[in-house]
Amino acid sequence: GNSVTQMEGPVTLSEEAFLTINCTYTATGYPSLFWYVQYPGEGLQLLLKATKADDKGSNKGFEATYRKETTSFHLEKGSVQVSDSAVYFCALRGAVSGGGADGLTFGKGTHLIIQP
Amino acid sequence: DTAVSQTPKYLVTQMGNDKSIKCEQNLGHDTMYWYKQDSKKFLKIMFSYNNKELIINETVPNRFSPKSPDKAHLNLHINSLELGDSAVYFCASSQGGLSGNTIYFGEGSWLTVV
């Protein structure tokens, strides 16, 4: 079955530091890959996505590249801010037999804490 | 306008009670979901409906029963609530068919069973 593995944290960084959150996956076929973010007390928001190998998703200074050869989708940001403190979820969505798409399979989430 | 809205946002109830969480989406999507987030923030799909038909039904106690009166609504009814049901429940929707289509989430319903 499908699975997603990501570093669980918490990850604590200083403001303006470089961020990498690792994410690797196991899936059959060619899934689409997503990063969602959950701010304290809020719901899940899509941060970025990539739907095929070598695609790069980007949003709000965050980037992630779909690497099929290493089955990875690492999240990066060059200079983090206090407002980036949140829980980040890597997820994949595959196709199902007979057509259509599956629901999302999530990693366990990475709690990111940015200190001033 | 909130794209995926669910009510109530907070719910505190006693063990043994029956409760419902309602969800509505105004995005015109044909697929809706319920996810459960436990105390460790782990998210797991519970159900998926496509055009009012049940598509995904993960290993969930049969005390949980989803109901989809139309494509825009997917409600979750929980019977005989137990302490372990305390969690955040997220409703979500997407346009089915392609794995690259984004799944949009509601703001969550925080359920506490005492």
Side-chain angles (χ1 to χ4, degrees), chain A residues 1-10 25 27-53 55 57 59 66 73 86-112, chain B residues 2-10 21 23 25 27 29-51 53-60 66 74 87-110:
Chain A
N2 296 337
S3 68
V4 175
T5 302
Q6 63 179 107
M7 50 197 297
E8 290 186 34
Y25 68 90
T28 54
Y30 302 95
S32 294
L33 301 173
F34 302 80
W35 277 99
Y36 280 82
V37 58
Q38 185 176 26
Y39 297 102
E42 297 186 12
L44 290 156
Q45 301 176 27
L46 176 70
L47 182 59
L48 53 84
K49 69 179 183 182
T51 60
K52 60 183 187 296
D55 266 3
N59 186 25
Y66 189 161
F73 193 53
V87 180
Y88 292 80
F89 293 92
C90 186
L92 71 80
R93 190 178 186 204
V96 293
S97 58
D102 208 350
L104 286 163
T105 298
F106 284 94
K108 292 189 175 182
T110 300
H111 186 193
L112 176 65
Chain B
T2 303
V4 181
S5 58
Q6 48 185 114
T7 56
K9 182 163 185 175
Y10 300 102
I21 306 172
C23 179
Q25 55 94 3
L27 297 167
H29 289 160
D30 61 2
T31 306
M32 295 185 72
Y33 309 83
W34 278 107
Y35 283 81
K36 179 180 179 181
Q37 185 175 45
D38 64 22
S39 59
K40 295 184 178 180
K41 299 285 189 184
F42 186 57
L43 281 151
K44 188 168 169 56
I45 191 168
M46 300 173 69
F47 302 102
S48 166
Y49 269 72
N50 179 265
N51 284 318
E53 286 191 27
L54 182 64
I55 302 298
I56 296 172
N57 183 359
E58 293 294 321
T59 306
V60 175
L74 180 63
V88 185
Y89 293 86
F90 286 100
C91 179
S93 76
S94 72
Q95 189 58 29
L98 295 176
S99 64
N101 291 348
T102 299
I103 295 181
Y104 295 87
F105 286 80
E107 293 192 347
S109 294
W110 271 252

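Order of the sequence lines fixes the chain letters, A, B, ..., with proteins taken first and strands second; residue numbering starts at 1 for each chain.
- Legend: residues meeting side-chain contact (heavy atoms from CB on, under 4.5 Å) with A/Ser32, ordered by chain and number and at least two apart, are A/Phe34, A/Thr51, B/Ser99.
- Atom OG of residue B/Ser93 and atom OH of residue B/Tyr49 lie 16.0 Å apart, to the nearest 0.5 angstrom.
- Using a 4.5 Å cut-off between heavy atoms, B/Lys44 makes no contact with chain A at all.
- Counting non-hydrogen atoms of other residues, nucleotides and ligands closer than 6.0 Å to CD of B/Glu107 gives a total of 12 or fewer.
- The distance from atom CZ of A/Phe73 to atom CG of A/Leu48, rounded to the nearest 0.5 Å, is 5.0 Å.
- A distance of 4.0 Å separates OG1 of A/Thr110 from CD of A/Gln6, quoted to the nearest 0.5 Å.
- Under the 30°/60° scheme for interplanar angles, the aromatic rings of B/Phe105 and B/Tyr35 are found to be tilted.
- In this structure a side-chain-to-backbone donor-acceptor pair under 3.5 Å is present from B/Gln6 to B/Tyr89.
- Contact count versus chain A (heavy atoms, under 4.5 Å) is highest, among B/Val4, B/Ile45, B/Leu43, for B/Leu43.
- There is no contact between B/Asn50 and chain A, counting heavy-atom distances below 4.5 Å.
- Options B/Gly106, B/Ser94, B/Ser48 differ in how many heavy-atom pairs under 4.5 Å they form with chain A, and the most are formed by B/Ser94.
- At a 4.5 Å heavy-atom cutoff, the contact between A/Tyr30 and chain B is made by backbone atoms alone.
- In this structure, CG in A/Leu92 is found 14.0 Å from NZ in A/Lys49, a value given to the nearest 0.5 Å.
- Using non-hydrogen atoms only and a strict 4.5 Å limit, the part of residues 36-46 of chain A facing chain B consists of A/Tyr36, A/Gln38, A/Gly41, A/Glu42, A/Gly43, A/Leu44, A/Leu46.
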